[in-house]
Amino acid sequence: MTWICFLAGLALLAIALGIAQHHLGTYMARVFTSDKDTRVETWCYRVMGVNPRAGQTWKSYARAVLAFSFCGVVFLYALQRLQPWLPWSLGKGSVNPAVSFNTAISFVTNTNWQAYSPEATLGHFVQLAGLCVQNFVSAATGIAIAVALIRGFVGHGEHTIGNFWVDLTRCTLRILMLIAAVAAFLLIAGGAVQNFTGFLHVTGVAGGNQVIPGGPVASQEAIKELGTNGGGFFNGNSSHPFENPQPWTNMLEIFLILLIPFSLPRTFGKMVEDVRQGRAILAAMVVLFTVNLCAMAAAEFSGHGTAARLAGAAMEGKEQRFGLAQSVLFANSTTMTSTGAVDSMHDSFTAIGGMFTLLNMMLGEISPGGVGSGLYGMLVIAVIAVFIAGLLVGRTPEYLGKKIGPREMKLSALYILVMPTLVLCGVALSLAVPGLRSSVNTSIANPGEHGLSELVYAFTSAANNNGSAFAGLDASTNWLCAALGAAMLLGRFVPIILILALSGALVEREPVPVTAGTLPTHNALFTTLIVFTAILVTALVFFPVLTLGPLAEGLI
């Protein structure tokens, strides 16, 4: 019965996504190629002092991204520190500096790692003006970077890759706000909370007192999933009934998580004027997603090594209202993208099931990945795959008519190395420095092999801008707040700079004609090569740390 429910839910999701991604992908391509601005957009450009017709080089584009994000970090940090003097603070005090720093970076980088209990820490004003706003603009920034890279492939000997302020504004107003508004109404219809009340004190049936929190939950929940953000209004995240009331709202949230990442390959195909290229990228994403999902489902449905095996499944930590099938589907979706939202506790998955949540992120979250970041990550894998194929046949590698030279390969290689370097160095420092190790050991509730997994998961989640966690780790210590904050910051913006530099290098190249020796990049063979390259890169980088389990007793 569990497999039947799982396959039925997967089939329904696939049909909905298959229809939606076709139309949304086409629509997004029109948004980013249109030369017309709406009245609201024109007003926004005037306020910002932006000329929407002025293109930017990759360096100017990167400076705009960094400046905008820096202002976002400062603004969100200030909101948390000044919370007692803000309206709708609900009587809550200032957030301590370490957690404020970590949270500001977390939401600006689209990570939404939460080292605090939201309903006990933040008032409605900080939730709305701080966290919710960043949910929109951080997602829009990721999509803008992906579009800038696509323009690198489309350009013919040019020097500009678009205008960041135009891309940011159009993505926010024409895409994210429209879909999020519809999603919020659906969540409200399903029972999600949307109000501005504080804490409601009630007397229960048994006579006990209970405090029920309220707030503008549905509006934040919609963009939380749509923008692959993941930060919950409540500490329970999407397992909280006020955020995720019913089984159908759970499926709606999974749909929102996957909608834009699976639609962007069609946007890519439309913008390069060859939809077959987009289908090849989409097929690679679907293959990786489906294989990992089925492997995770097999592990959880068998329940090996758990007391719940007699009941036919490992139900510890799973969402009882939705069942095991939807819990597994949500977990795979949130770790295959950069969402990080949870409706079940990954820390309580079986050993193999938990391993796949970790491996999903170690793949670089490219199947389908976060909004924007999944597409540009997969395009980097495609560039590397083309290079490998070129070496095998002795030809200069080409992708979409652009020769892949030393500069493009160096940038692609550096992009691939950023995330593993942050993860491995963060874990190594935490365990190698005696003072830091003692601090980390006090933060881990499960010493030994599982404790090592919790630490590796935390740095993998931060460096990938995912935000989910193995819940046995207390990440509110000064060291982990600082280290994970640095991992989130570098894991977001160093790859973005490299992607923009790659776009700048590609846009300056003139396209070369297709010949009989040109590698086709729109067929099943190339899709297979992309999948193989993604797995190979991950295995070579992370296999050593995944074999450290037997040594964990001496470290943690």
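Just so we're clear, the structure is a prediction, and the values are computed from it rather than from any experiment.
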Enquirer: If you draw a 6.0 Å radius around CZ in R53, do more than 12 non-hydrogen atoms from other residues or ligands fall strictly inside?
Expert: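 Atom CZ in R53 is crowded, with more than 12 foreign heavy atoms closer than 6.0 Å.
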Enquirer: Are any non-hydrogen side-chain atoms of W165 and C44 less than 4.5 angstrom apart?
Expert: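 No, every pair of side-chain atoms sits at 4.5 Å or beyond.
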Enquirer: Looking at L375 and M285, what are the two nearest heavy atoms and their distance?
Expert: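 Result for this residue pair: CA-CE, 4.2 Å.
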Enquirer: Which atoms form the tightest heavy-atom contact between M361 and T460, and what is the distance?
Expert: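 Taking every non-hydrogen atom into account, CB-CG2, 3.7 Å.
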Enquirer: Are W88 and F196 near enough that their ring centres are under 6.0 Å apart?
Expert: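 Judged by ring-centre distance (under 6.0 Å), W88 and F196 do meet the cut-off.
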Enquirer: Nearest 0.5 Å please: distance from the CG atom of L258 over to the CG atom of L17.
Expert: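 Rounded to the nearest 0.5 Å, the CG-CG separation comes out at 5.5 Å.
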Enquirer: Can you see which heavy atom on G215 is nearest to which on V193, and at what distance?
Expert: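 Heavy atoms only, the tightest pair is O-CG1, 3.5 Å.
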Enquirer: Hey, does V423 have a side-chain heavy atom less than 4.5 Å from the side chain of P420?
Expert: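 Sidechains of V423 and P420: no contact.
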Enquirer: Please tell me if the side chains of S338 and N110 come closer than 4.5 Å, counting only heavy atoms from C-beta onward.
Expert: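 Sidechains of N110 and S338: in contact.
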Enquirer: Any donor and acceptor pair, going by atom type alone, linking the side chain of T109 with main-chain N or O of I105 inside 3.5 Å?
Expert: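 Checked: pair present.
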Enquirer: Quiz question: by atom type and distance under 3.5 Å, do the side chains of S60 and R63 form a donor-acceptor pair?
Expert: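 Yes - a donor-acceptor pair under 3.5 Å links their side chains.
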Enquirer: Less than 4.0 angstrom from a charged side-chain N to a carboxylate O is my criterion; do K224 and E253 meet it?
Expert: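 Result for this pair is no, no salt bridge flagged.
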Enquirer: Decide yes or no for Q127 and P118: does some side-chain heavy atom of the first lie under 4.5 Å from some side-chain heavy atom of the second?
Expert: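 Sidechains of P118 and Q127: in contact.
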Enquirer: Can you name the nearest heavy-atom pair linking R151 to F32, along with the distance?
Expert: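 Of all heavy-atom pairs spanning R151 and F32, the closest is NH2-O, 3.5 Å.
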Enquirer: Is a side-chain donor or acceptor of H346 paired with a backbone partner of T335 at a separation under 3.5 angstrom?
Expert: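 No; judged by distance alone, with no hydrogens or angles, the pair does not exist.
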Enquirer: Evaluate the criterion side-chain contact (heavy atoms from CB on, under 4.5 Å) for residue pair L173 and E41; output intermediate values, then yes/no.
Expert: CA-CA 8 Å; L173 297 179; E41 290 168 354; 3.8 Å; yes
Enquirer: Show, in sequence, the C-alpha distance, side-chain angles and deciding distance for T160 and Q56, and conclude whether the side-chain contact (heavy atoms from CB on, under 4.5 Å) test is met.
Expert: CA-CA 5 Å; T160 60; Q56 293 176 310; 5.8 Å; no
Enquirer: Please report the interatomic distance CG(L480) to CH2(W113), rounded to the nearest 0.5 Å.
Expert: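 L480 CG to W113 CH2: 8.0 Å, rounded to 0.5 Å.
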Enquirer: Return the minimal non-hydrogen interatomic distance between M48 and T169, and the atom names on each side.
Expert: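 Nearest pair, atom of M48 first, then T169: CE-OG1, 3.6 Å.
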Enquirer: Give me the one residue out of F349, F459, Y457 that meets ring-ring contact (aromatic ring centres under 6.0 Å, His included) with F470.
Expert: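 Exactly one pass, corresponding to Y457.
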Enquirer: Answer yes or no: is there a side-chain heavy-atom contact under 4.5 Å between T141 and V65?
Expert: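 T141 vs V65: side chains touch.
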Enquirer: Report the distance from atom CG of N332 to atom CD1 of I257, rounding to the nearest 0.5 Å.
Expert: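 Going from the CG atom of N332 to the CD1 atom of I257 covers 10.5 Å.
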Enquirer: For D343, is there any backbone N or O sitting under 3.5 Å from a side-chain donor or acceptor partner on S239?
Expert: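 Pair absent, no side-chain N/O of S239 close to backbone of D343.
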Enquirer: Does L76 offer a backbone N or O that forms a donor-acceptor pair with the side chain of Q80 under 3.5 Å?
Expert: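 Present.
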Enquirer: Would the distance check show the side chain of R170 and the main-chain N or O of V31 forming a donor-acceptor pair, the cut-off being under 3.5 Å?
Expert: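 Yes, the answer is positive, given that a donor and an acceptor are paired below the 3.5 Å cut-off.
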Enquirer: Using a 4.5 Å cut-off on heavy atoms from C-beta on, say whether the side chain of F136 contacts that of N229.
Expert: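 No, side chains not in contact.
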Enquirer: First locate atom CD1 of I179, then atom CG of L226, and finally report the distance between them rounded to the nearest 0.5 Å.
Expert: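 Nearest 0.5 Å value for the CD1-CG distance: 5.0 Å.
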Enquirer: Is M251 atom CE crowded by more than 12 heavy atoms from other residues, nucleotides or ligands, each under 6.0 Å away?
Expert: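 More than 12 within 6.0 Å, yes.
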Enquirer: For a side chain to side chain contact (heavy atoms under 4.5 Å, CB included) with N244, tell me which candidate from L187, V217, T249, N237 qualifies.
Expert: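 Testing each of L187, V217, T249, N237 against N244, the sole residue satisfying side chain to side chain contact (heavy atoms under 4.5 Å, CB included) is T249.
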Enquirer: Could you walk me through whether V108 and S138 pass side-chain contact (heavy atoms from CB on, under 4.5 Å), step by step?
Expert: CA-CA 6 Å; V108 171; S138 65; 5.9 Å; no
Enquirer: Which pair of non-hydrogen atoms, one from V418 and one from L498, has the smallest distance, and what is that distance?
Expert: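 Reported closest heavy-atom pair: CG2-CD1, 3.9 Å.
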Enquirer: Examine distances only and state if a side-chain atom of R321 and a backbone atom of P245 form a donor-acceptor pair shorter than 3.5 Å.
Expert: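 Checking the backbone N and O of P245 against the side chain of R321, a donor-acceptor pair under 3.5 Å is found.
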Enquirer: For W43, I'd like to know if atom CH2 has over 12 heavy atoms of other residues, nucleotides or ligands within 6.0 Å.
Expert: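 Counting neighbours around CH2 of W43, 12 or fewer heavy atoms of other residues, nucleotides or ligands fall under 6.0 Å, so no.
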Enquirer: To the closest 0.5 Å, what do you measure between CD1 (I145) and CD1 (I497)?
Expert: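 Output value for this atom pair is 9.5 Å.
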Enquirer: Dump the intermediate steps for side chain to side chain donor-acceptor pair (under 3.5 Å) on Y61 and N163, then the final yes or no.
Expert: CA-CA 7 Å; Y61 204 103; N163 187 305; over 6 Å; no
Enquirer: Given M336 and S333, is the side-chain contact (heavy atoms from CB on, under 4.5 Å) satisfied, shown in steps?
Expert: CA-CA 5 Å; M336 273 291 192; S333 299; 6.0 Å; no
Enquirer: Hey, is the main chain of V95 close enough, under 3.5 Å, to the side chain of S100 for a donor-acceptor pair?
Expert: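 Yes.
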Enquirer: Are any of the side-chain heavy atoms of Y27 and I175 separated by less than 4.5 Å?
Expert: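 Yes, their side chains come closer than 4.5 Å.
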Enquirer: With rounding to the nearest 0.5 angstrom, report the OG1 to CG distance, T172 to L168.
Expert: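 CG of L168 is found 4.5 Å from OG1 of T172.
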Enquirer: Can any side-chain N or O of Q326 pair as donor or acceptor with the backbone N or O of N250 at less than 3.5 Å?
Expert: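 A pair under 3.5 Å: no.
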Enquirer: Do the side chain of N360 and the main chain of E365 share a donor and acceptor less than 3.5 angstrom apart?
Expert: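 Absent.
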Enquirer: Quick check: are there more than 12 heavy atoms from other residues, nucleotides or ligands sitting under 6.0 Å from CG of N235?
Expert: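 Buried by this count: over 12 neighbours within 6.0 Å.
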Enquirer: If we only count heavy atoms from C-beta on, is the T26 to R266 side-chain gap below 4.5 Å?
Expert: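 Yes; the side chains approach each other to less than 4.5 Å.
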Enquirer: For Q83 and T121, indicate whether the former's side chain and the latter's backbone hold a donor-acceptor pair under 3.5 Å.
Expert: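 Between the backbone of T121 and the side chain of Q83 there is a qualifying donor-acceptor contact (under 3.5 Å).
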